[in-house]
Amino acid sequence: MNKEELLALDNSEIAKMLNDAIAAGKSKDEALAELELTQADLTKQNIFWVKDKFLARAWSGYTSTKRSGNEYAQEGDGWRGDDVKDFKGREVPW
């Protein structure tokens, strides 16, 4: 399998192949060299080295589902923040 075919795979499949190489006793750099990948290739595929293993993220950008406090609701003709509580559960002064 050449590099273009490999990068056409789903990022979770690529991460699994890299983690299999790690499980076989190879270092991070050896696993990357075996599949002819660079760190830039992994970044483009949203694959990251975390705590001695490769992790594939499902999407790029913000991935938290926790409320940030910047959510807005439409009220009448305009928009304003949640008028009940903020993201920490405190009363909002407006």
Side-chain angles (χ1 to χ4, degrees):
M1 178 180 310
N2 65 23
K3 186 175 180 176
E4 289 77 27
E5 292 171 339
L6 181 67
L7 292 176
L9 295 174
D10 187 54
N11 65 354
S12 60
E13 294 175 32
I14 299 169
K16 183 183 180 320
M17 294 169 76
L18 290 165
N19 285 326
D20 289 344
I22 297 296
K26 297 189 178 182
S27 69
K28 173 188 172 189
D29 294 330
E30 291 170 338
L32 290 173
E34 179 180 306
L35 295 177
E36 300 175 0
L37 294 173
T38 63
Q39 185 61 46
D41 295 329
L42 295 183
T43 303
K44 288 177 187 175
Q45 295 292 321
N46 287 321
I47 300 172
F48 302 95
W49 178 252
V50 179
K51 296 185 180 179
D52 298 332
K53 65 180 176 180
F54 289 97
L55 294 177
R57 290 183 41 197
W59 57 86
S60 61
Y62 298 109
T63 58
S64 175
T65 57
K66 185 184 283 188
R67 288 186 58 156
S68 66
N70 294 324
E71 295 80 11
Y72 290 91
Q74 187 171 9
E75 182 176 294
D77 293 334
W79 292 83
R80 69 178 224 167
D82 185 358
D83 62 350
V84 179
K85 295 183 180 187
D86 69 2
F87 73 103
K88 290 186 177 179
R90 300 174 299 206
E91 294 294 324
V92 178
W94 56 74

Practice task
Step by step, work out the side-chain contact (heavy atoms from CB on, under 4.5 Å) result for Asp52 and Ile22.
Solution key: CA-CA 8 Å; Asp52 298 332; Ile22 297 296; 6.0 Å; no
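Between the CG atom of Leu18 and the NZ atom of Lys53 there is a distance of 13.5 Å, given to the nearest 0.5 Å. How far CD of Glu34 is from CG of Asp20: 9.5 Å, rounded to the nearest 0.5 Å. Here Ile47 contributes atom CD1 and Gln39 contributes atom CD; the two are 10.0 Å apart, rounded to the nearest 0.5 Å.
The list of ring pair (Phe, Tyr, Trp, His ring centres under 6.0 Å) pairs with a residue in residues 12-38, not counting sequence neighbours, is empty. Under the ring pair (Phe, Tyr, Trp, His ring centres under 6.0 Å) criterion, the residue pairs touching residues 7-53 are Trp49-Phe54, with sequence neighbours excluded.
With contacts defined as side-chain heavy-atom distances shorter than 4.5 Å, the pair Met17/Leu6 qualifies. A heavy-atom distance below 4.5 Å is not found between the side chains of Thr38 and Leu32. In this structure the side chain of Leu7 reaches within 4.5 angstrom of the side chain of Asp41, judged on heavy atoms.
One N or O on the side chain of Asn11 and one on the backbone of Gln45 form a donor-acceptor pair closer than 3.5 Å.
With 3.5 Å as the limit, one finds a donor-acceptor pair spanning the side chains of Ser12 and Asp10.
At most 12 heavy atoms of other shown residues, nucleotides or ligands fall within 6.0 angstrom of atom NZ in Lys44.
Side-chain heavy atoms closer than 4.5 Å link hydrophobic residues (I, L, V, M, F, W, Y) into clusters, and following such links, possibly through other members, connects Leu9 to Leu35.
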